[in-house]
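First the structure, in the form of structure tokens, and then the observations on it.
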Amino acid sequence: MSILNNPPQDPRQEAANAPDVHPLIAARLEKMAELGSEVPLYPYAYRRTHTSDELKEQEEALAAAAAVVCFPGRIMAKRGTGKTLFIPVQDEWGSVQAYFRKDDLGEERFRRIQKLIDIGDWIGVEGTLFRTRTGELTIKVSDFTFLAKAIRPLPEKYHDLSLENKSRRRYLDLAMNQESRERFKRRSAILRAIRDYFDERDFLEVETPVLQPLYGGATARPFTTHHNALDMTLYLRIADELYLKRLIVGGLERVYEIAKDFRNEGMDRTHNPEFTMLECYAAYWDYHDMMELTEGLVRNLAVRFGQEGRLKYGDHELDFNAPFRRITFMGALAEAVGRDLMAMTTAEVAELAKAKGVELKPGMGRDKILDELFSMLIEPDLIQPTFVMDHPRELSPLAKAHREHEGLVERFELFVAGFELANSFSELNDPREQRRRFMDQKALLEAGDDEAQRLDEDFLQAMEHGMPPTGGMGMGVDRLVMLLVDTVNIRDVLLFPHMRPEDAPGSGA
RNA sequence: GGGCCGCUAGCUCAUCAGGUAGAGCAUCUCCCUUUUAAGGAGAGGGUGGCUGGUUCGAGUCCAGCGCGGCCUACCA
């Protein structure tokens, strides 16, 4: 790759000087040399008159007027006979074929074009529109320009890239697969729709720190980094909750953030170390208000991106039109096991869990065991959108105690297709109670639960200044997108999913 | 983390039971003035993921490591 670091004037000499240049690249450097320095291969700009979509839409008028169009894109194939050349030129939206003809371009020029342009090159073609006898929309080329010469070949066109290369070299996946481009454009449209939804409801979009001196707002292990000038440890945020609530304290009454969060944990087809989380908070709201907001958001997206509010997801047909089902955490558990778990002691709950196959770990409190039971017995069956309400207290140190039921908090989770899509509570706003909850977490931490939440003194101070009643909600955006594009793999909705380095130390490469 | 499968040309994949490798696309040369997975004739291209072992001989068998995929357990 030394050839790219310090390009000499003559590509031919360059290839000769670097004997380890791959022959396929050397061949292209040779062509660049033959094109000569008077042909600019990397010009500064190009005036496009039409995209491929626009050419298709406006074909009739453009053809009738014999208008000369300027169309830029990437060469995806070369076909032709000895005196003609057909080249599909692809832009972001699709592809239009360019037709080079010896009679139009002259013997010498045609020959150079035929020989020296490559699949993968970016070019701009100028000419008039017509249909070939097989009916394909085509630009009859009167002139053309190099926009960028490629020196590395594109992958082959018949077979899909391997799954690994699709993720690892997304630029090739995007270049070769229209569906892939469409999928990521849809993600962008979903994000825009989310912002529209909140903006229409007078929520303010804000940005809070990624680098935090103390991590909080969720139960997870963080990534750690170091600030040199301050000589201090900083953490990449695992959530933005505690900062958004500080804004509520400050008097910003409705805020939301679409935040990249980072969690230092395992990765699989539903977990990437960095992921996108939507969080929103509204003063004077409780979790019932948040449930309405959440249901509205999800239905809105399903209507917009599905078929009449229904989504095909794998084998499931998900229906977001009817009011979402609502069940309570303890009620669903009681129904599943045939007993009221509220009345049971910790030891009894542990015994029951063990009998159901839950793996008990030291330091697991009663509520943690209940949570495990719930994940195992209930969650997989929550296919149609379902709100699970009123969780045990210990699992939710930032949620307000339930106004009617002792030992529970006002919280809901939204499940769809068996996974958790959103999490919300009536936010705890009593500073003394919040401090006690943090102390409980500290006890858990000392008992061996390394995911227990840390006490955030500054956050408590903020709350001591007075935080109004507040409803909050968090939603995993990547999972939401997965639902809306019908994929089970988070990599399909992340442009650059985390991958181990190909040439990891120890591979001997 | 555990189990199973994979890693061979730039790309996608073959090579049934150990005898130093093939195809298609891409590349190069030649023919072909509406082709479209264009076609025809020819050519080049490989430290078979890495390290070690068994064997007269290893892409092939064994071990370790790396990377990937599927299943499984957990954090969104």
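All heavy atoms count here, side chains included; hydrogens, waters and symmetry mates do not. Predicted model, so just to flag it, every value in this text is computed and none were measured.
If you take NE2 of A/His159 and C1' of B/rU12, they are 6 Å apart, rounded to a whole angstrom. Atom pair A/Phe100:CZ and B/rU34:P shows a separation of 16 Å (rounding to whole Å applied). Following rounding to the nearest Å, A/Asp492 (CG) and B/rC70 (P) show an atom-to-atom distance of 10 Å. Taking atom CZ on A/Phe86 and atom P on B/rU34, their separation rounds to 7 Å, with Å as the unit. For the pair A/Met267 CE and B/rA73 P, the computed distance is 19 Å after rounding to whole Å. When rounded to the nearest whole Å, the span between CE of A/Met499 and C1' of B/rG68 equals 7 Å.
At a threshold of 4.0 angstrom between heavy atoms, the contacts of A/Lys166 with the nucleic acid are absent. Note on A/Tyr99: a base of the nucleic acid sits closer than 4.0 angstrom, heavy atoms only. Here A/Thr219 lies in heavy-atom contact (under 4.0 Å) with sugar-phosphate atoms only. At the heavy-atom level, A/Lys157 lies under 4.0 Å from the strands shown only through sugar-phosphate atoms. Residue-level contact check: A/Lys31 touches the backbone only, with heavy atoms under 4.0 Å from sugar-phosphate atoms and none from bases. Contacts of A/Arg221 with the nucleic acid, taken as non-hydrogen atoms under 4.0 Å apart, are absent.
Taking 4.0 angstrom as the limit, A/Thr81 places none of its side-chain polar atoms (N or O) nearer than this to OP1 or OP2 of B/rU35. Look at A/Arg28 and you won't find any side-chain N or O under 4.0 angstrom from OP1 or OP2 of B/rC28. The side chain of A/Arg79 places an N or O atom within less than 4.0 Å of a non-bridging phosphate oxygen (OP1 or OP2) of B/rA38. For the OP1/OP2 pair of B/rA38 and a distance below 4.0 Å, the side-chain nitrogens and oxygens of A/Lys78 include no atom meeting the criterion.
At least one test fails for A/Arg454 against the ring of A/Tyr215: distance under 6.0 Å to the centre or angle within 45° of the axis.
Taking 4.0 Å as the cut-off between side-chain N and carboxylate O, A/Arg299 and A/Glu295 count as a salt-bridged pair. A salt bridge does not link A/Asp173 with A/Arg181: every distance from a Lys NZ or Arg NE/NH1/NH2 to an Asp or Glu carboxylate oxygen is 4.0 Å or more.
Per the stacking criterion (ring centres < 5.5 Å, plane angle < 30°), A/Phe275 stacks onto the base of B/rA76.
Residues A/Met473 and A/Asn423 have side chains not in contact (no heavy-atom distance under 4.5 Å, counting atoms from C-beta outward). Within the 4.5 Å cutoff, side-chain heavy atoms of A/Asp261 are placed close to those of A/Phe275.
Proximity note for A/Ile119 (side chain, C-beta onward) versus B/rC75, B/rA26, B/rU12: the nearest is B/rA26.
With the nearest nucleotide of RNA chain B identified for both A/Gln97 and A/Asn165, A/Asn165 has the one nearer the 5' end. For A/Arg500 and A/His271, each mapped to the nucleotide of RNA chain B holding its nearest heavy atom, the one lying further toward the 5' end belongs to A/Arg500.
Using N1 to N3 plus N6-O4 or O6-N4 for Watson-Crick, or N1-O2 and O6-N3 for G-U wobble, each under 3.5 Å, B/rG1 pairs with B/rU72. Across all strands shown, B/rG18 has no partner, as no Watson-Crick or G-U wobble contact with both distances under 3.5 Å is found.
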Next item on the list: Do nucleotides 5-10 of chain B as a string where each nucleotide becomes B, S or -: B if the base has a protein heavy atom under 4.0 Å, S if just the sugar-phosphate does, - if no protein is that close.
Entry: -----B
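Rounded to a whole angstrom, the distance from the C1' atom of B/rU20 to that of B/rG24 is 24 Å.
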Margin query: Between A/Glu136 and A/Arg131, is the salt bridge (Lys or Arg N to Asp or Glu O under 4.0 Å) condition met? List the steps.
Written below: CA-CA 5 Å; A/Glu136 175 145 352; A/Arg131 289 264 169 184; over 6 Å; no
